[in-house]
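Note: hydrogens, waters and symmetry copies are ignored here, and every other heavy atom, side chains too, is used. Just so we're on the same page: letters track the sequence lines, and every chain starts at 1.
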Amino acid sequence: MKITIKDDFDLKKIAESGQCFRFNECETEAGTFSVAALDKHVFVKELGNCEYEFSCDKKEFDGFWKSYFDLELSYADIRGRISKKKDIYLYNASEYGKGIRILRQDPWEMLISFIISQRKNIPAIKASIEKLCAMAGDLIVEDERVGKIYSFPTPEKLAALSLDKLSSCSLGYRDKYVKKAAEDVASGLVDLSSWDKLSDEELMEELLKLFGVGVKVANCEILFGYHRLDAFPKDVWINRVLETKYPKGFDFEGYAPYNGVMQQYLFFYSRNDGLGKDK
DNA sequence: ACCCAGGGCTGTT
DNA sequence: AACAGCCATGGG
(Lines give C-alpha, C1' and ligand atoms only; values in the text may rest on other atoms or scores of the structure.)
Protein backbone atom coordinates (compact mmCIF):
# COMPACT_ATOMS: atom_id res chain seq x y z
CA MET A 1 0.00 0.00 0.00
CA LYS A 2 1.06 3.56 -0.63
CA ILE A 3 1.49 6.08 2.21
CA THR A 4 2.36 9.77 2.32
CA ILE A 5 4.60 10.79 5.21
CA LYS A 6 5.13 14.50 5.68
CA ASP A 7 7.22 14.40 8.85
CA ASP A 8 10.95 13.57 9.15
CA PHE A 9 11.35 10.14 7.60
CA ASP A 10 14.66 9.06 6.08
CA LEU A 11 14.91 5.30 5.75
CA LYS A 12 18.61 5.26 4.93
CA LYS A 13 19.49 7.31 8.00
CA ILE A 14 17.26 5.19 10.25
CA ALA A 15 18.85 2.03 8.86
CA GLU A 16 22.31 3.41 9.67
CA SER A 17 21.40 5.01 12.99
CA GLY A 18 22.50 2.10 15.16
CA GLN A 19 19.15 1.67 16.91
CA CYS A 20 18.07 -1.25 14.72
CA PHE A 21 20.09 -4.12 13.31
CA ARG A 22 17.71 -5.86 10.90
CA PHE A 23 16.81 -2.83 8.79
CA ASN A 24 18.78 -2.63 5.55
CA GLU A 25 18.69 -1.10 2.12
CA CYS A 26 18.43 -3.77 -0.57
CA GLU A 27 21.76 -4.03 -2.37
CA THR A 28 20.11 -4.83 -5.67
CA GLU A 29 17.39 -2.20 -5.38
CA ALA A 30 18.46 1.20 -4.08
CA GLY A 31 15.68 3.05 -2.32
CA THR A 32 13.98 -0.14 -1.15
CA PHE A 33 14.49 -1.21 2.45
CA SER A 34 14.01 -4.53 4.18
CA VAL A 35 12.73 -4.19 7.74
CA ALA A 36 12.50 -7.13 10.13
CA ALA A 37 11.02 -6.77 13.60
CA LEU A 38 10.41 -9.80 15.81
CA ASP A 39 8.34 -12.08 13.55
CA LYS A 40 7.25 -9.40 11.10
CA HIS A 41 8.85 -8.14 7.92
CA VAL A 42 8.11 -5.46 5.36
CA PHE A 43 9.71 -3.89 2.31
CA VAL A 44 9.47 -0.11 2.12
CA LYS A 45 10.17 1.62 -1.15
CA GLU A 46 10.85 5.33 -1.50
CA LEU A 47 8.71 6.74 -4.28
CA GLY A 48 9.74 10.36 -3.86
CA ASN A 49 7.59 13.35 -2.98
CA CYS A 50 7.05 11.99 0.59
CA GLU A 51 5.40 8.86 -0.77
CA TYR A 52 6.29 5.32 0.26
CA GLU A 53 5.18 1.90 -0.88
CA PHE A 54 4.82 -0.63 1.95
CA SER A 55 4.67 -4.30 0.98
CA CYS A 56 1.82 -4.96 3.38
CA ASP A 57 -1.92 -4.34 3.45
CA LYS A 58 -3.60 -1.48 5.27
CA LYS A 59 -4.57 -3.69 8.16
CA GLU A 60 -0.97 -4.66 8.93
CA PHE A 61 0.25 -1.10 8.36
CA ASP A 62 -2.31 0.35 10.78
CA GLY A 63 -1.93 -2.51 13.21
CA PHE A 64 1.85 -2.61 13.36
CA TRP A 65 4.12 -0.55 11.11
CA LYS A 66 2.47 2.79 11.75
CA SER A 67 3.32 2.41 15.41
CA TYR A 68 6.72 0.81 14.69
CA PHE A 69 7.82 3.91 12.80
CA ASP A 70 6.31 6.12 15.52
CA LEU A 71 4.33 8.05 12.92
CA GLU A 72 2.04 9.72 15.47
CA LEU A 73 4.91 11.82 16.81
CA SER A 74 6.36 14.83 14.99
CA TYR A 75 10.14 14.66 14.93
CA ALA A 76 10.23 17.96 13.07
CA ASP A 77 8.67 19.50 16.17
CA ILE A 78 11.28 17.86 18.37
CA ARG A 79 14.05 19.23 16.14
CA GLY A 80 12.41 22.59 16.49
CA ARG A 81 13.31 22.61 20.16
CA ILE A 82 16.97 22.90 19.26
CA SER A 83 18.35 26.41 19.41
CA LYS A 84 20.88 27.22 16.72
CA LYS A 85 22.23 30.01 18.88
CA LYS A 86 22.45 28.08 22.15
CA ASP A 87 23.91 24.89 20.68
CA ILE A 88 25.24 25.08 17.15
CA TYR A 89 26.83 21.64 17.35
CA LEU A 90 23.54 19.91 18.22
CA TYR A 91 21.80 22.03 15.61
CA ASN A 92 24.26 20.89 12.94
CA ALA A 93 23.90 17.29 14.13
CA SER A 94 20.11 17.51 13.90
CA GLU A 95 20.27 18.97 10.41
CA TYR A 96 22.64 16.19 9.41
CA GLY A 97 20.43 13.54 11.03
CA LYS A 98 17.12 15.04 9.95
CA GLY A 99 14.85 12.13 9.09
CA ILE A 100 15.88 9.90 11.98
CA ARG A 101 13.04 8.65 14.16
CA ILE A 102 13.12 6.47 17.27
CA LEU A 103 11.48 3.21 16.26
CA ARG A 104 9.08 1.44 18.61
CA GLN A 105 10.95 -1.82 18.80
CA ASP A 106 10.28 -4.87 20.91
CA PRO A 107 11.79 -4.97 24.43
CA TRP A 108 12.85 -8.61 24.13
CA GLU A 109 14.56 -8.16 20.78
CA MET A 110 16.25 -4.96 21.95
CA LEU A 111 17.44 -6.51 25.21
CA ILE A 112 19.23 -9.35 23.47
CA SER A 113 20.47 -7.12 20.64
CA PHE A 114 22.07 -4.62 22.99
CA ILE A 115 23.52 -7.28 25.27
CA ILE A 116 25.23 -8.56 22.12
CA SER A 117 26.25 -5.05 21.09
CA GLN A 118 28.80 -4.48 23.85
CA ARG A 119 32.33 -4.08 22.54
CA LYS A 120 31.23 -4.82 18.98
CA ASN A 121 30.94 -2.54 15.98
CA ILE A 122 27.61 -2.30 14.21
CA PRO A 123 28.39 -4.65 11.28
CA ALA A 124 29.54 -7.29 13.76
CA ILE A 125 26.38 -6.85 15.84
CA LYS A 126 24.22 -7.29 12.75
CA ALA A 127 26.13 -10.41 11.72
CA SER A 128 25.71 -12.01 15.15
CA ILE A 129 22.00 -11.28 15.27
CA GLU A 130 21.41 -12.69 11.80
CA LYS A 131 23.22 -15.88 12.81
CA LEU A 132 21.03 -16.17 15.90
CA CYS A 133 17.88 -15.66 13.86
CA ALA A 134 18.94 -18.22 11.28
CA MET A 135 19.73 -20.71 14.01
CA ALA A 136 16.65 -20.34 16.21
CA GLY A 137 14.10 -18.26 14.31
CA ASP A 138 11.44 -19.29 11.78
CA LEU A 139 11.64 -18.51 8.09
CA ILE A 140 9.33 -15.55 7.50
CA VAL A 141 10.41 -14.19 4.10
CA GLU A 142 12.21 -15.57 1.09
CA ASP A 143 12.89 -13.05 -1.62
CA GLU A 144 15.57 -12.66 -4.25
CA ARG A 145 16.44 -9.18 -2.95
CA VAL A 146 17.23 -10.29 0.58
CA GLY A 147 17.48 -14.07 0.54
CA LYS A 148 15.97 -15.82 3.54
CA ILE A 149 14.88 -13.80 6.52
CA TYR A 150 14.14 -15.46 9.84
CA SER A 151 12.14 -14.19 12.78
CA PHE A 152 13.93 -13.05 15.90
CA PRO A 153 14.04 -16.10 18.20
CA THR A 154 11.49 -16.31 21.00
CA PRO A 155 12.84 -16.46 24.57
CA GLU A 156 11.97 -20.17 24.66
CA LYS A 157 13.84 -20.94 21.44
CA LEU A 158 16.87 -18.98 22.56
CA ALA A 159 16.87 -20.48 26.05
CA ALA A 160 16.86 -23.94 24.51
CA LEU A 161 20.15 -23.35 22.68
CA SER A 162 23.32 -24.70 24.27
CA LEU A 163 26.13 -22.31 25.13
CA ASP A 164 28.13 -23.82 22.29
CA LYS A 165 25.33 -23.16 19.82
CA LEU A 166 24.99 -19.60 21.06
CA SER A 167 28.72 -19.12 20.96
CA SER A 168 28.85 -20.21 17.33
CA CYS A 169 26.90 -17.03 16.51
CA SER A 170 30.06 -15.03 17.26
CA LEU A 171 28.75 -13.93 20.63
CA GLY A 172 32.14 -14.35 22.28
CA TYR A 173 32.03 -13.91 26.06
CA ARG A 174 28.46 -12.56 25.77
CA ASP A 175 27.06 -16.04 25.18
CA LYS A 176 26.41 -16.57 28.88
CA TYR A 177 24.66 -13.21 29.19
CA VAL A 178 22.33 -14.04 26.33
CA LYS A 179 21.60 -17.49 27.71
CA LYS A 180 20.78 -16.21 31.19
CA ALA A 181 18.54 -13.45 29.86
CA ALA A 182 16.72 -15.90 27.61
CA GLU A 183 16.25 -18.38 30.45
CA ASP A 184 14.95 -15.74 32.83
CA VAL A 185 12.48 -14.31 30.31
CA ALA A 186 11.37 -17.76 29.15
CA SER A 187 10.76 -18.93 32.72
CA GLY A 188 8.77 -15.82 33.56
CA LEU A 189 11.22 -14.79 36.24
CA VAL A 190 11.64 -11.64 34.17
CA ASP A 191 8.45 -10.20 32.66
CA LEU A 192 9.50 -7.47 30.24
CA SER A 193 5.96 -6.48 29.27
CA SER A 194 5.01 -5.84 32.89
CA TRP A 195 7.88 -3.37 33.17
CA ASP A 196 5.90 -0.97 31.00
CA LYS A 197 4.21 0.23 34.16
CA LEU A 198 7.43 1.10 35.96
CA SER A 199 8.84 4.59 36.30
CA ASP A 200 12.05 5.32 34.40
CA GLU A 201 14.05 4.91 37.61
CA GLU A 202 12.39 1.62 38.54
CA LEU A 203 12.85 0.32 35.01
CA MET A 204 16.56 1.13 35.14
CA GLU A 205 16.82 -0.59 38.51
CA GLU A 206 15.25 -3.79 37.19
CA LEU A 207 17.35 -3.81 34.03
CA LEU A 208 20.59 -3.42 35.99
CA LYS A 209 19.78 -6.64 37.85
CA LEU A 210 20.11 -8.58 34.60
CA PHE A 211 23.40 -10.39 34.02
CA GLY A 212 25.32 -8.61 31.28
CA VAL A 213 23.29 -5.41 31.47
CA GLY A 214 25.02 -2.27 32.69
CA VAL A 215 23.99 1.38 32.55
CA LYS A 216 24.69 1.82 28.83
CA VAL A 217 22.81 -1.27 27.62
CA ALA A 218 19.97 -0.49 30.04
CA ASN A 219 19.63 3.00 28.59
CA CYS A 220 19.50 1.57 25.06
CA GLU A 221 16.75 -0.79 26.20
CA ILE A 222 14.85 2.06 27.85
CA LEU A 223 15.15 4.27 24.77
CA PHE A 224 14.71 1.75 21.95
CA GLY A 225 12.85 -1.10 23.66
CA TYR A 226 10.52 0.93 25.88
CA HIS A 227 10.46 4.05 23.73
CA ARG A 228 11.16 6.40 26.61
CA LEU A 229 12.59 9.25 24.65
CA ASP A 230 14.49 10.93 27.46
CA ALA A 231 16.97 8.06 27.96
CA PHE A 232 20.48 9.02 26.88
CA PRO A 233 22.81 6.06 26.30
CA LYS A 234 26.49 6.91 26.56
CA ASP A 235 28.71 4.74 24.39
CA VAL A 236 32.28 5.46 23.29
CA TRP A 237 31.07 7.77 20.51
CA ILE A 238 28.77 9.83 22.70
CA ASN A 239 31.40 10.04 25.42
CA ARG A 240 33.80 11.39 22.83
CA VAL A 241 31.21 14.00 21.81
CA LEU A 242 30.56 14.99 25.41
CA GLU A 243 34.26 15.30 26.15
CA THR A 244 35.27 17.25 23.07
CA LYS A 245 32.14 19.28 22.27
CA TYR A 246 30.52 19.73 25.69
CA PRO A 247 33.34 20.26 28.19
CA LYS A 248 30.99 22.43 30.22
CA GLY A 249 28.15 19.90 30.07
CA PHE A 250 25.19 19.08 27.83
CA ASP A 251 21.88 20.81 28.56
CA PHE A 252 19.88 17.73 29.60
CA GLU A 253 17.31 19.84 31.44
CA GLY A 254 16.66 21.95 28.38
CA TYR A 255 15.99 19.04 26.06
CA ALA A 256 13.87 16.92 28.39
CA PRO A 257 11.86 14.84 27.73
CA TYR A 258 13.57 14.25 24.38
CA ASN A 259 17.22 13.82 25.30
CA GLY A 260 17.21 10.41 23.63
CA VAL A 261 16.31 11.92 20.28
CA MET A 262 19.13 14.44 20.68
CA GLN A 263 21.43 11.56 21.55
CA GLN A 264 20.56 9.88 18.25
CA TYR A 265 21.44 13.00 16.27
CA LEU A 266 24.74 13.31 18.12
CA PHE A 267 25.55 9.62 17.69
CA PHE A 268 24.75 9.61 13.98
CA TYR A 269 26.66 12.83 13.35
CA SER A 270 29.73 11.81 15.35
CA ARG A 271 30.02 8.51 13.51
CA ASN A 272 29.84 10.29 10.17
CA ASP A 273 32.71 12.71 10.70
CA GLY A 274 30.86 15.21 12.88
CA LEU A 275 33.60 14.97 15.48
CA GLY A 276 36.01 16.63 13.09
CA LYS A 277 33.71 19.59 12.62
CA ASP A 278 34.09 22.78 14.59
CA LYS A 279 31.75 23.47 17.44
C1' DA B 1 50.20 -7.24 12.77
C1' DC B 2 47.52 -3.60 14.91
C1' DC B 3 43.64 -0.97 17.02
C1' DC B 4 38.92 -0.47 17.86
C1' DA B 5 33.96 -1.50 18.67
C1' DG B 6 26.59 1.44 20.86
C1' DG B 7 30.60 -2.40 27.92
C1' DG B 8 30.17 -5.19 31.87
C1' DC B 9 32.02 -8.45 35.32
C1' DT B 10 35.16 -9.55 38.82
C1' DG B 11 38.70 -8.97 42.05
C1' DT B 12 41.52 -5.58 44.39
C1' DT B 13 42.17 -1.36 46.98
C1' DA C 1 32.94 3.35 46.20
C1' DA C 2 36.56 3.52 42.85
C1' DC C 3 39.45 1.33 39.82
C1' DA C 4 42.01 -1.64 36.99
C1' DG C 5 42.27 -6.11 34.27
C1' DC C 6 39.98 -9.00 31.61
C1' DC C 7 36.97 -10.73 28.21
C1' DA C 8 36.05 -13.09 22.35
C1' DT C 9 35.46 -11.74 17.95
C1' DG C 10 35.28 -9.33 13.59
C1' DG C 11 35.88 -4.80 10.94
C1' DG C 12 38.87 -1.45 9.11
Would you mind telling me which of [options] lies closest to the side-chain atoms of [X]?
X	options	value
A:Tyr173	B:dA5, B:dC9, C:dC7	C:dC7
A:Arg174	B:dG8, C:dG12, C:dA8	C:dA8
A:Val217	C:dT9, B:dA5, B:dG8	B:dG8
A:Gln118	C:dG12, B:dG7, C:dG10	B:dG7

Can you see whether A:Phe43 has A:Arg145 sitting over its ring - NZ or CZ less than 6.0 Å from the centre and within 45° of the normal?
yes

Can you tell me if A:Ser170 touches the phosphate of C:dT9, counting only side-chain N or O atoms and a distance under 4.0 Å to OP1 or OP2?
no

Side-chain N,O (A:Arg119) to OP1/OP2 (C:dG11) below 4.0 Å
no

Return yes if the base of B:dG7 and the side-chain atoms of A:Tyr177 contain a donor-acceptor N/O pair under 3.5 Å, otherwise no.
no

Distance, P atom - from C:dG12 to B:dG7, rounded to whole angstrom
16 Å

Between A:Leu210 and A:Arg271, which residue's closest nucleotide on DNA chain B lies nearer the 5′ terminus?
A:Arg271

Checking the side chain of A:Ser151 only, and the main-chain atoms of A:Asp138 only, is there a donor and an acceptor separated by less than 3.5 Å?
yes

Rounded to the nearest 0.5 Å, what separation is found between the CH2 atom of A:Trp65 and the SG atom of A:Cys56?
7.5 Å

